[in-house]
Chemist: 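Before I ask anything, let me first share the structure, which is written out below as structure tokens.
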Protein chains: 2
Amino acid sequence: MAGGTILLVEDEKNLRKLIKTYLEREMINVMEAADGREALELWDTDKYDLVILDVMLPEYDGWTVCKRIRRDSYVPIIMLTARGEEEDKLFGFDLGVDDYVTKPFSVKELVARVKALLKRSNHQLLTEVIEVGDLKIDKKMHQAFLDGKPIDLTPKEYDLLLVFLHNQNQALTREIILDNVWGYDYYGDLRTVDTHVKRLMKKLKRMGKQIITVRGLGYRFEVTN
Amino acid sequence: MAGGTILLVEDEKNLRKLIKTYLEREMINVMEAADGREALELWDTDKYDLVILDVMLPEYDGWTVCKRIRRDSYVPIIMLTARGEEEDKLFGFDLGVDDYVTKPFSVKELVARVKALLKRSNHQLLTEVIEVGDLKIDKKMHQAFLDGKPIDLTPKEYDLLLVFLHNQNQALTREIILDNVWGYDYYGDLRTVDTHVKRLMKKLKRMGKQIITVRGLGYRFEVTN
DNA sequence: ATATAATGACACAAAATCGTCACATTTTTG
DNA sequence: CAAAAATGTGACGATTTTGTGTCATTATAT
């Protein structure tokens, strides 16, 4: 696969260039930002498949940037931290940071992790069939099934269901749903989400109960493992 | 936070430099203040991940500085006290001091405590799942559990519980709770906090007993480690 | 071109949540 | 001990949030 595009946010120029070089050897496009502000500007203007974020940054620190990005998207994020403590990594799965790399690190290792994450998310996106209970969605066919029988979903309903299935058990705000189903540039009533959720729930019959409203926030597709 | 930045307030220059040296070996940034006034000036102009405060200070004493800082933030605070000030200690816990170190102390020990606190506060904010006894809160799901069963919390109750769990064993004033749950701009009756605490306590069943009222101050979520 | 389906927005209904108050209870103070 | 202060508590109206049906508009299929 042609590696996709990465947003690399690191203020130390030498390190940034080094990482960039290594990544480009893997056929991965790299956009560079030297501080938090620049990072967010780039983020707002283009789409990325992964973000590498130094924690210590001028302008806005890495956490701030991370939080901001997470408002829009679940793009994989790798954090570069300077503290050399194992335990920090243990609790790595925080606001949705996907991986941590502690400085000093080998660039090779970083690249390996990038590739792993890209593959994972690609894989996730390319997985053809997702099954939850008696609900199945076949992306290649672009068709959902309940108890093996096809459900007739409109395009929006289908996309909405896909977003839910890609983010199981995760509370999703109406904004995020809107961004993911209608696109980032769409400018519309948030409550439209409600209407479509309602329609989807109805068509999903008993599986519609899996869509939980999270009051004051949005919705969540709940699966009991 | 890569190493983090600390505000070190100590009037004895030699001791201050010594502590600074040790901390910097751990990749921790240190800003120095020699008296209370300077401390507050630095506090107002920059962000810190932790504060070390000598109790006995020129200009403003440590308690005054502490109180002032607590008006703005829950940043971890370590107090340096002279031996035999038991009353001061009690007083201090109400002010939300996170740790005490009694002079004379080994700088090594102080550094260890600093690292412990930094680690704790970092994790608390970023950890996805917080567990205390049989109580669990999953931020990604936006859902609390008791004995593995979901608890139905209203948005305010949820936020309130989150504030308590992020500040375990720390007495929180109603003002601070109001600021954190309702937002800094909110104008309302302080007693509203009481009502919501009551409701939360009820829903938390036996774990509600962990919320202790601190008379004349506010509340504290107590956890026995 | 016409019929059919999908969409997005809205208004109103329903439900949940909120904030405040009055009064009860507890603790502190003098 | 009585008075004062602080906190606990239940209730209720106001407000906010969400559910739902409908409708005009747009897109799609025949």
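Just so we're on the same page: letters track the sequence lines, and every chain starts at 1.
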Chemist: Mind checking if A:Leu217 touches a base, just sugar-phosphate, or nothing, with heavy atoms under 4.0 Å?
Modeler: sugar-phosphate
Chemist: For the side chain of B:Thr154, counting heavy atoms from C-beta on, which of C:dT17, D:dG8, D:dT20 is nearest?
Modeler: C:dT17
Chemist: How many whole angstroms separate atom NE2 of B:His196 from atom C1' of C:dC21?
Modeler: 14 Å
Chemist: Which listed nucleotide (C:dT17, D:dT7, C:dA6) is nearest to the side chain of A:Pro155?
Modeler: C:dA6
Chemist: Given D:dG10, D:dT20, C:dG8, identify the nucleotide with an atom nearest to the side chain of B:Thr195.
Modeler: D:dG10
Chemist: Report which part of the nucleic acid B:Arg199 touches: base, sugar-phosphate, or nothing (heavy-atom distance under 4.0 Å, all strands).
Modeler: base
Chemist: For a quick test of reading the model: is some side-chain N or O of B:Trp182 closer than 4.0 Å to OP1 or OP2 of C:dG19?
Modeler: yes
Chemist: Quick one: on DNA chain D, does B:Asp194 or B:Lys202 contact a more 5' nucleotide (nearest heavy atom)?
Modeler: B:Asp194
Chemist: Would you find a donor on one side and an acceptor on the other, under 3.5 Å apart, between the side chain of B:Asp54 and the backbone of B:Leu57?
Modeler: no
Chemist: Looking across every strand, which nucleic acid part, if any, lies under 4.0 Å from A:Tyr158 by heavy atom: base, sugar-phosphate, or nothing?
Modeler: nothing
Chemist: Please give, in whole Å, the distance from C:dG19 P to B:Asp159 CG?
Modeler: 11 Å
Chemist: When we call it a touch if two heavy atoms are under 4.0 Å apart, what does B:Tyr219 touch: a base, just sugar-phosphate, or nothing?
Modeler: sugar-phosphate
Chemist: Minimum heavy-atom separation for A:Val132 and A:Met207, please, with both atom names.
Modeler: O-CE, 3.3 Å
Chemist: Rounded to whole angstroms, how far apart are CG on B:Asp152 and P on C:dA16?
Modeler: 9 Å
Chemist: Is the shortest side-chain N to carboxylate O distance from B:Asp134 to B:Arg206 below 4.0 Å?
Modeler: yes
Chemist: Can you measure A:Arg215 atom CZ to C:dC18 atom P for me and round it to whole angstrom units?
Modeler: 9 Å
Chemist: Calculate the interatomic distance between B:Arg191 atom CZ and C:dA24 atom P; express it in whole Å.
Modeler: 15 Å
Chemist: Quick check on D:dT7: is either OP1 or OP2 less than 4.0 Å from any side-chain nitrogen or oxygen of B:Thr213?
Modeler: no
Chemist: Any chance OH of A:Tyr186 has more than 12 other-residue heavy atoms, nucleotides or ligands included, within less than 6.0 Å?
Modeler: yes
Chemist: May I ask you to decide if B:Glu222's main-chain N or O and B:Gln210's side chain share a donor-acceptor pair within less than 3.5 Å?
Modeler: yes
Chemist: Could you state the atom-to-atom distance from CG of A:Asp189 to P of D:dT18 in whole Å?
Modeler: 12 Å
Chemist: Among D:dT18, C:dG8, C:dT20, which nucleotide has an atom closest to any side-chain atom of A:Arg174?
Modeler: D:dT18
Chemist: Does a side-chain N or O of B:Tyr186 approach OP1 or OP2 of C:dG19 to a distance below 4.0 Å, or not?
Modeler: yes
Chemist: Any donor-acceptor pair under 3.5 Å joining the side chain of B:Lys156 to the base of C:dG19?
Modeler: no
Chemist: Could you tell me how far apart B:Leu160 (CG) and C:dG19 (C1') are, to the nearest whole angstrom?
Modeler: 14 Å
Chemist: Without decimals, in angstroms, what is the distance between A:Lys198 NZ and C:dA9 C1'?
Modeler: 12 Å
Chemist: For B:Glu157, run the side-chain hydrogen bond (donor to acceptor under 3.5 Å, both in side chains) check against B:His196, B:Lys203, B:Lys202 and tell me which one passes.
Modeler: B:Lys203
